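Let me begin by presenting the structure, written as structure tokens, before commenting on it.
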Amino acid sequence: MAADSTDKQADLLQRFSFDKLRFKRIDVISSGILYRGILIGADETDIYLKGALRWLILPLDRITSIKLTGTKLAFNPLKHIDSDFYFEPTDEDS
């Protein structure tokens, strides 16, 4: 059973890489503004997009979301909160 749980954890914690998104149309939200373009590359501090009218260089520390254009944000199992979190015990529950 321990091997199954470590496999699941490894799947959830896959290392993110911009290589999967390179040369594809992406949507980036940075400082509350939506930018659309083709991802050309990324380094330690910035990502580089080819926009419709110009090149965009966006600092990574201001980016809140990156996704392929046209895809919806999926449910993130790491952010799931069990319903017991919202349960407040009363004197009757004791």
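These numbers come from a predicted model, not from an experiment.
Residues I29 and L58 do not share a hydrophobic cluster, defined by chaining ILVMFWY side chains whose heavy atoms lie under 4.5 Å apart. No chain of hydrophobic side-chain contacts below 4.5 Å, direct or via other Ile, Leu, Val, Met, Phe, Trp or Tyr residues, connects Y35 to I38. No single ILVMFWY cluster, assembled from side-chain heavy atoms under 4.5 Å apart, contains both I33 and I57. Both I63 and L21 are members of a single hydrophobic cluster when ILVMFWY side chains are connected at heavy-atom separations under 4.5 Å.
Considering OG1 of T69 and CG of L34, their distance stands at 8.0 Å, rounded to 0.5 Å.
Taking each heavy atom of I47 and A42 in turn, the nearest pair found is CG2-CB, 3.8 Å. Counting all heavy atoms, side chain and backbone alike, L60 lies closest to E44 at CD1-O, 3.6 Å.
Checked against salt bridge (charged side-chain N to carboxylate O under 4.0 Å, His left out), D27 has the following partners two or more places apart in sequence or in another chain: R36, K67. Annotation: ring-ring contact (aromatic ring centres under 6.0 Å, His included) contacts of Y48 (sequence neighbours excluded): none.
Proximity of a side-chain donor or acceptor of R25 to a complementary backbone N or O of G37 within less than 3.5 Å is not detected.
Counting heavy atoms from C-beta on, the side chains of L39 and L49 come closer than 4.5 Å.
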